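Here's the structure, in structure tokens; my notes come after.
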Amino acid sequence: MPRVLCVAEKNSIAKSVAGILSGGRSSRRDSPSKYIKNYDFTFDFPFSGSSDVTMTSVAGHLTGLDLDQAHGWGKCPIPQVFDAPIVEIHTKDQEKMASNIKRECRNADYIMIWTDCDREGEYIGWEIVQAALQGNRNLQGNVYRAIFSHLESRHIIHAAKNPKRLDQRAVDAVRTRMEVDLRSGVAFTRFLTELLGSKVERDLGLKNNQRPIISYGTCQFPTLGFVVDRFERIQKFIPETFWYIVLSVPNGPDTTNFQWERGHLFDRLTVAVIFELCLETSRNIAKVTDIKSKSTSKYRPLPLTTVELQKNCSRFYKMSAKASLDAAEKLYQKGYISYPRTETDIFPSKMDLQSLVEQQTSDNRWGDYAKTLLNGPGSNRFKWPRAGKNDDKAHPPIHPIISCGAGLDNENEKKVYEYVTRHFLACCSEDSKGHSTTMTLKWGTEFFTASGIVVLERNFLDVYVWMKWETTKQLPNLALGQDVELSSSLMKDGQTSPPNHMTESELILLMDANGIGTDATIAEHIEKIQQRDYIKKKKMSKQTYLIPTTLGISLVHGFEAIGLEDSFAKPFLRRQMEVDLKLICDGNKNKLEVVNDLITKYQEYYGLTSTNQNKLVETYMNIKSLI
DNA sequence: GCAAGGTC
């Protein structure tokens with residue numbers, strides 16, 4: 001029988017796909033790597049007919065890139081980094097994975113790639129093929145690619161029956177990113193460290209053997225830029241005084257305030273004139289000119305993505321993005337939750353979500369809630385989740401798999417499991433429903449409104465305990481057209497206030513929105529710029545904020561002073577690279593062209609930075625002396 | 001000693 005080797009991006013996919021294609025009758029063997037298993041079974045592929053199949057995997061990339069030996073740190077003038085030869089390097093684990101591929105493909109007639117169907121997955125597929133060809137040259141030309149976006153059986157079988165080829169354009173796009181990130185990162189990191197390292201070392205009070213690294217990275221700098229930008233908006237903020245009019249109306253023993261439809265104005269005289277005019281024409285009588293009642297709802301959350309998980313664990317539990325992702329990873333390995341790195345916020349239509357809800361009925365925290373979702377009573381019954389707009393074509397939204405009961409002793413894992421589960425149950429619930437009433441008063445020439453909300457059905461809010469929606473005080477009982485005697489009419493002043501310092505949750509949102517990093521790496525970039533002493537976490541009245549250090553601020557301003565056309569600390573450069581990568585994927589540009597363009601740009605920036613290096617030093621000295 | 005991206 002022909003032999004087919006299938007290779008996935010990680011063991012969990014290999015295991016699931018082997019289970020589906022073998023109809024549950026595969027046998028498992030160990031591999032040289034502890035992360036990887038080999039699964040044997042038979043399957044009927046269109047290119048080979050009935051075949052002996054081995055399904056295995058790697059665990060992420062098989063190779064890393066670095067500059068060749070001759071261009072190590074200190075061994076060459078820095079500008080050579082931009083065109084030095086690049087070599088492939090392997091960790092011990094990667095060598096074990098590659099040797100498994102080589103051994104397993106020795107007798108194979110075909111190889112089929114089952115890596116995730118995203119850009120990086122395509123490149124990992126290419127790496128796998130290179131390793132396989134080293135083990136067995138005859139595989140050349142017998143390479144196939146499975147296209148799949150989730151692990152539903154019929155979908156996976158369809159993918160196996162409709163093999164495609166690797167997309168070389170996507171492979172080229174990833175290689176482009178790798179080369180540009182490597183060369184620009186290494187060049188500017190060496191430059192900055194050599195320029196500022198000894199000064200920073202003294203200022204941080206480090207010992208000789210703890211030379212600081214002052215790194216540049218295409219993601220690190222924009223991340224730092226966001227934090228510095230917020231910090232300075234607060235520093236530079238000048239409060240402005242504004243004026244407004246507020247009416248209050250008797251409401252039982254209490255009063256209700258009506259807000260001015262103009263909000264507030266920054267000119268005191270204008271407000272005073274309007275106020276006096278109203279007082280003259282209407283004294284203390286206003287008329288009800290409008291009462292609008294409508295039903296309103298608060299939407300249940302969208303299916304859970306990695307970025308949302310990190311943002312909310314930071315908000316609800318004050319966990320760092322890295323801590324929440326680490327805990328999610330552990331929960332995934334233990335089988336409690338689904339794969340935690342996903343951009344998808346739409347559940348595949350065939351997924352059996354009700355049995356996942358059923359799993360949760362035994363939990364003493366939300367079990368009763370899960371039961372009512374499935375069996376009533378009441379109107380909050382299981383409802384298919386809302387659909388978001390993102391699909392990474394590789395993984396479904398994050399959801400609980402099995403109930404953890406009392407099986408978790410790690411605090412962070414407990415919290416993340418609770419969050420994932422409550423979020424999932426909320427997704428499968430009805431929106432919260434309420435009723436809002438808005439009343440408008442006319443006083444003189446001006447209009448004023450007040451609103452009241454009655455929450456009628458809490459629904460998902462009962463399980464999504466962090467979100468608040470409360471019934472407000474009722475509006476005074478007045479009829480349309482009725483005159484009402486005011487208990488007061490006042491002209492008041494107030495001041496605009498500065499924004500708050502950056503929270504980790506906001507930073508994650510900004511990075512995601514600007515394409516800085518990926519779901520799997522955003523947390524690492526935030527960690528990295530803390531390690532580098534560019535930003536620090538600071539606790540202020542219950543909240544933890546991210547504050548830039550002297551060094552962090554200096555780097556941003558130093559490069560600003562040099563005046564590169566595309567600021568390093570802004571997301572623009574990185575986004576431009578994404579656009580170019582997309583052009584490569586669509587066949588409108590080639591790799592060589594894009595690499596040359598981007599590297600030329602970085603070389604030019606390096607030249608400018610190098611001739612203006614005194615500006616970096618001066619900026620650092622200046623800012624240091626101010627603090 | 002340097003990047004960012006996968007994954008464990």
Side-chain angles (χ1 to χ4, degrees), chain A residues 8-14 33-37 57-67 71-76 78 81-82 84 86 89 91-94 96-97 115-116 118-128 170-171 173-195 197 201 206 208-223 306 325-326 328-334 339-342 392 394-395 511 515-525 527-529 531-532 568 573-574 577-578 581 598 602:
Chain A
E9 188 163 321
K10 50 201 156 248
N11 178 57
S12 66
I13 301 280
S33 161
K34 63 181 166 182
Y35 309 117
I36 286 160
K37 307 288 175 201
S57 76
V58 289
H61 283 282
L62 262 185
T63 52
L65 294 188
D66 204 353
L67 303 175
H71 295 83
W73 195 320
K75 290 184 186 161
C76 71
I78 295 174
V81 163
F82 290 112
I86 284 178
I89 52 169
T91 63
K92 278 269 178 317
D93 281 333
Q94 287 173 331
K96 285 180 189 167
M97 294 190 265
T115 48
D116 295 354
D118 51 28
R119 228 163 51 193
E120 294 292 330
E122 214 63 20
Y123 187 88
I124 293 169
W126 179 82
E127 291 177 304
I128 293 166
V171 174
V174 172
R175 182 66 176 218
T176 302
R177 177 196 60 70
M178 291 173 117
E179 283 194 33
V180 173
D181 283 343
L182 175 67
R183 293 189 195 277
S184 63
V186 168
F188 280 93
T189 300
R190 289 181 187 174
F191 175 80
L192 288 173
T193 304
E194 281 166 24
L195 182 69
E201 176 193 348
L206 297 176
N208 265 333
N209 51 0
Q210 308 173 271
R211 244 324 187 29
I213 295 164
I214 304 173
S215 59
Y216 167 80
T218 52
C219 289
Q220 292 178 30
F221 261 53
T223 306
T306 308
L325 193 55
D326 287 350
E329 179 67 41
K330 287 272 159 49
L331 290 168
Y332 161 67
Q333 284 165 31
K334 293 176 183 172
Y339 190 69
R341 284 183 281 272
T342 175
D392 64 17
H395 307 284
M511 293 173 72
I516 303 303
T518 68
D519 49 11
T521 62
I522 282 176
E524 287 175 31
H525 298 310
E527 284 282 313
K528 179 72 81 181
I529 62 171
Q531 267 176 37
R532 294 284 186 251
F568 276 178
L573 243 174
R574 180 83 201 181
M577 177 157 84
E578 280 301 317
L581 298 186
L598 290 173
Y602 273 104

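These figures come from a predicted structure and were not determined experimentally. Each chain gets a letter, A, B and so on, in the order the sequences are listed, and its residues count up from 1.
Note: CD (Gln531(A)) to P (dC2(B)) measures 9 Å, nearest angstrom. Protein atom CD of Glu120(A) is 13 Å distant from nucleotide atom P of dA4(B), rounded to whole Å. At whole-Å resolution of the value, CD1 in Ile89(A) and C1' in dA3(B) are 11 Å apart. When rounded to the nearest whole Å, the span between CG of Leu573(A) and P of dA4(B) equals 13 Å.
Between dG6(B) and Thr115(A), no contact under 4.0 Å exists linking OP1 or OP2 to a side-chain N or O. Contact annotation: Arg532(A) side-chain N/O to dG1(B) OP1/OP2 distance is not under 4.0 Å.
Toward the 5' end of DNA chain B, the nearer of the two residues Leu62(A) and Leu67(A), judged by each one's closest nucleotide, is Leu67(A).
Counting non-hydrogen atoms under 4.0 angstrom, Phe188(A) reaches nothing in the nucleic acid. Nucleic acid contact for Glu524(A): base, since at least one base atom lies under 4.0 Å from a heavy atom of the residue. When heavy atoms are screened at a 4.0 angstrom cut-off, Gln94(A) is found touching base atoms of the nucleic acid. Using a 4.0 Å heavy-atom cutoff across all strands shown, Leu65(A) reaches at least one base atom of the nucleic acid. Thr193(A) comes within 4.0 angstrom of a nucleotide base, judged by non-hydrogen atoms across all strands. As judged by a 4.0 angstrom heavy-atom cut-off over every strand, Arg574(A) is placed among residues touching the sugar-phosphate backbone only. Using a 4.0 Å heavy-atom distance criterion, Asp116(A) is classed as a sugar-phosphate-only contact. Nucleic acid contact for Arg183(A): none, since no nucleic acid atom lies under 4.0 Å from a heavy atom of the residue. Counting non-hydrogen atoms under 4.0 angstrom, Phe191(A) reaches nothing in the nucleic acid.
Of the candidate nucleotides dT7(B), dA4(B), dC2(B), dC2(B) has the atom nearest to the side chain of Arg190(A). In the set dT7(B), dC2(B), dA4(B), the nucleotide with an atom closest to the side chain of Trp73(A) is dC2(B). Which of dA4(B), dG5(B), dC2(B) sits closest to the side chain of His61(A) comes down to dG5(B). Which of dC8(B), dT7(B), dA4(B) sits closest to the side chain of Gln333(A) comes down to dC8(B). Set against dC8(B), dA4(B), dC2(B), the side chain of Tyr332(A) has dC8(B) as its closest nucleotide. Nearest nucleotide to the Val186(A) side chain, out of dC2(B), dA3(B), dC8(B): dC2(B). Distance from the side chain of Met97(A) is smallest for dC8(B) among the nucleotides dG5(B), dC8(B), dA3(B). Side-chain proximity of Lys10(A) to dC8(B), dG5(B), dA3(B): nearest is dC8(B).
The closest side-chain donor-acceptor pair between Asn11(A) and Ser57(A), if any, does not fall under 3.5 angstrom. A donor atom on one side chain and an acceptor atom on the other are found under 3.5 Å apart for Thr218(A) and Arg574(A).
Taking the six-membered ring where the residue is Trp, Phe191(A) and Phe188(A) present perpendicular rings, their angle passing 60° and hence far from 30°.
The number of heavy-atom neighbours closer than 6.0 Å to NZ of Lys330(A), taken from other residues, nucleotides and ligands shown, is 12 or below.
Nearest heavy-atom pair, Leu62(A) versus Met97(A), reported as atom, atom and distance to 0.1 Å: CD2-CB, 3.7 Å.
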